Engineer: 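Please see the structure below; I have some questions.
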Amino acid sequence: QVRMVESGGGLLRAGGSLRLSCAASGRDFSSNAMGWFRQAPGKEREFVATINWSGDSTDYADSVKGRFTITRDNHENTVYLQMNSLKPEDTAVYYCAASESWVTVRWPREYNYWGQGTQVTVSS
């Protein structure tokens, strides 16, 4: 059974930093693109960042570019999201996901496996 478990969320003030982790089990995702998405209350799930299978290609939503960094450790089957200079508008539940693609993908429909999400709340 494939499981993806996010951790690292929390409550913090604007300008702070958090590092989210997503540990996968039940399948080796070292050949798969991984991504982070988020969903704020009353809004649709939106793309945040994606990384290709090897980790040498990434893509970011404009709203987080320059502040967030996605990385992966294929030995640990884990993907990370370093979030700096957080803003109140970053408040959301953050989800990690795995795709059958090996290149970066932005579209949720391209992802087959999802975690349960971790809450990030940024106060002003």
Side-chain angles (χ1 to χ4, degrees):
Q1 179 183 0
V2 175
R3 290 191 68 205
M4 303 183 70
V5 180
E6 300 96 337
S7 61
L11 169 65
L12 72 167
R13 290 185 178 271
S17 297
L18 277 178
R19 189 193 194 203
L20 304 184
S21 300
C22 173
S25 60
R27 175 174 165 171
D28 178 3
F29 285 111
S30 60
S31 298
N32 301 75
M34 306 288 285
W36 285 95
F37 294 79
R38 66 187 182 186
Q39 187 167 17
K43 295 187 176 181
E44 293 188 354
R45 190 170 299 189
E46 66 173 358
F47 164 75
V48 175
T50 178
I51 188 167
N52 74 333
W53 71 276
S54 63
D56 62 1
S57 179
T58 57
D59 188 20
Y60 298 91
D62 288 345
S63 59
V64 307
K65 199 171 293 184
R67 300 187 297 121
F68 291 11
T69 303
I70 185 171
T71 57
R72 66 189 298 161
D73 184 337
N74 285 342
H75 294 294
E76 297 294 330
N77 218 20
T78 299
V79 63
Y80 304 96
L81 186 68
Q82 177 68 42
M83 306 187 295
N84 299 328
S85 303
L86 281 159
K87 305 175 181 179
E89 50 264 44
D90 294 318
T91 295
V93 177
Y94 282 72
Y95 299 89
C96 70
S99 172
E100 295 296 347
S101 170
W102 64 87
V103 298
T104 57
V105 286
R106 287 183 164 225
W107 316 116
R109 64 177 180 267
E110 298 293 331
Y111 288 82
N112 304 93
Y113 303 96
W114 292 83
Q116 82 292 345
T118 185
Q119 177 71 47
V120 173
T121 303
V122 185
S123 64
S124 57

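On a predicted model such as this, the values are computed, not experimentally measured, just so you know. Just so you know, residue 1 is the first one in the sequence shown, and it goes up from there.
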Engineer: Any heavy-atom pair between the side chains of Val120 and Met83 that's under 4.5 Å?
Structural biologist: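 Yes; the side chains approach each other to less than 4.5 Å.
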Engineer: Are Val79 and Phe37 joined in one hydrophobic group, where the rule is that I, L, V, M, F, W and Y side chains link up if heavy atoms are under 4.5 Å apart?
Structural biologist: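 Different hydrophobic clusters.
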Engineer: Counting distance only, does the side-chain N/O of Asp73 pair as donor-acceptor with the main-chain N or O of Glu76 below 3.5 Å?
Structural biologist: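 Yes, because the side chain of Asp73 sits within donor-acceptor range (under 3.5 Å) of the backbone of Glu76.
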Engineer: So, Ser99 side chain and Glu110 main chain: donor-acceptor pair closer than 3.5 Å or not?
Structural biologist: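 It does hold such a pair.
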Engineer: Using 4.0 Å as the upper bound for N to carboxylate O, is an ion pair formed by Glu6 and Arg19?
Structural biologist: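 No.
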Engineer: A quick test of your reading: do over 12 heavy atoms of other residues, nucleotides or ligands sit less than 6.0 Å from CZ of Arg3?
Structural biologist: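 For Arg3, atom CZ is not crowded (no more than 12 foreign heavy atoms under 6.0 Å).
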Engineer: Would you say Asn52's side chain and Ser57's backbone share a donor-acceptor pair under 3.5 angstrom?
Structural biologist: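 At least one qualifying donor-acceptor pair exists.
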Engineer: For Lys65, does the NZ atom have more than 12 heavy-atom neighbours from other residues, nucleotides or ligands under 6.0 Å away?
Structural biologist: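 It does: Lys65 NZ has more than 12 such atoms within range.
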Engineer: Can you tell me how far CG of Leu20 sits from OH of Tyr95, rounded to the nearest 0.5 angstrom?
Structural biologist: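 Result: 13.0 Å between the selected atoms.
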Engineer: Is there a path of hydrophobic side-chain contacts, each under 4.5 Å between heavy atoms, that joins Phe68 and Leu12?
Structural biologist: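 As far as the 4.5 Å side-chain criterion goes, Leu12 and Phe68 are connected within one cluster.
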Engineer: Are side-chain N/O atoms of Glu89 and Thr91 paired as donor and acceptor at under 3.5 Å?
Structural biologist: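 Short answer, no.
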Engineer: Checking Thr50 side chain against Gly35 main chain: does a donor-acceptor pair fall under 3.5 Å?
Structural biologist: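 No: the side chain of Thr50 does not pair with the backbone of Gly35.
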Engineer: Nearest 0.5 Å, what's the OH-CZ distance between Tyr94 and Arg38?
Structural biologist: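 The OH atom of Tyr94 sits 4.0 Å away from the CZ atom of Arg38.
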Engineer: What's the shortest heavy-atom distance between Ser124 and Ala14, and which atoms?
Structural biologist: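 Residues Ser124 and Ala14, closest heavy atoms: CA-CB, 4.4 Å.
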Engineer: Do the side chain of Arg72 and the main chain of Gly55 share a donor and acceptor less than 3.5 angstrom apart?
Structural biologist: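 No; zero donor-acceptor contacts below 3.5 Å.
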Engineer: Quick one: pull up CE in Met4 and SG in Cys22 and give me the separation to the nearest 0.5 Å.
Structural biologist: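 Going from the CE atom of Met4 to the SG atom of Cys22 covers 4.0 Å.
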Engineer: Between Asn77 and Arg27 (side chain of the first, backbone of the second, donor and acceptor by atom type, cut-off under 3.5 Å), is there such a pair?
Structural biologist: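 It does hold such a pair.
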Engineer: Strictly by modelled atom types, are Asn84 and Ser17 linked by a side-chain donor-acceptor pair under 3.5 Å?
Structural biologist: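 There is such a pair (donor and acceptor under 3.5 Å, judged by atom type) between the side chains of Asn84 and Ser17.
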Engineer: Relative to Trp114, does Arg45 satisfy both conditions: NZ or CZ under 6.0 angstrom from the six-membered ring centre, and within 45 degrees of the ring's axis?
Structural biologist: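 Yes, Arg45 sits over the ring of Trp114.
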Engineer: Is Val105 reachable from Trp36 through a run of hydrophobic residues whose side-chain heavy atoms are each under 4.5 Å from the next?
Structural biologist: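 No.
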Engineer: How far apart are the closest heavy atoms of Val48 and Val64, and which atoms are they?
Structural biologist: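 For Val48 versus Val64, the nearest heavy atoms are O-CG2, 3.6 Å.
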Engineer: To the nearest 0.5 Å, what is the distance between CD on Gln116 and SG on Cys96?
Structural biologist: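 Taking CD in Gln116 and SG in Cys96, the distance rounds to 7.5 Å.
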Engineer: Given Phe47 and Tyr60, is the ring pair (Phe, Tyr, Trp, His ring centres under 6.0 Å) satisfied, shown in steps?
Structural biologist: CA-CA 8 Å; Phe47 164 75; Tyr60 298 91; 8.1 Å; no
Engineer: Could you work out, with ring pair (Phe, Tyr, Trp, His ring centres under 6.0 Å) as the rule, every residue matching Tyr80, not counting sequence neighbours?
Structural biologist: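 Testing Tyr80 for ring pair (Phe, Tyr, Trp, His ring centres under 6.0 Å), a comparison that skips the adjacent residues, returns none.
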Engineer: Would you check if Thr69 and Leu81 make a side-chain contact, meaning some heavy-atom pair closer than 4.5 Å?
Structural biologist: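 No, every pair of side-chain atoms sits at 4.5 Å or beyond.
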Engineer: How many angstroms lie between CE in Met34 and CZ in Phe29, if you round to the nearest 0.5 Å?
Structural biologist: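 Rounded to the nearest 0.5 Å, the CE-CZ separation comes to 6.0 Å.
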Engineer: State the CG-NE2 distance between Asp28 and His75, to the nearest 0.5 angstrom.
Structural biologist: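 The distance works out to 10.5 Å.
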Engineer: For residues Trp107 and Tyr111, report the shortest heavy-atom separation together with the two atoms involved.
Structural biologist: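 Distance-wise, the nearest heavy atoms are O-CD1, 3.3 Å.
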Engineer: Taking all non-hydrogen atoms of both residues, which atom of Asp56 and which atom of Ser54 are closest, and how far apart?
Structural biologist: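 Heavy atoms of Asp56 and Ser54 come nearest at OD1-OG, 2.8 Å.
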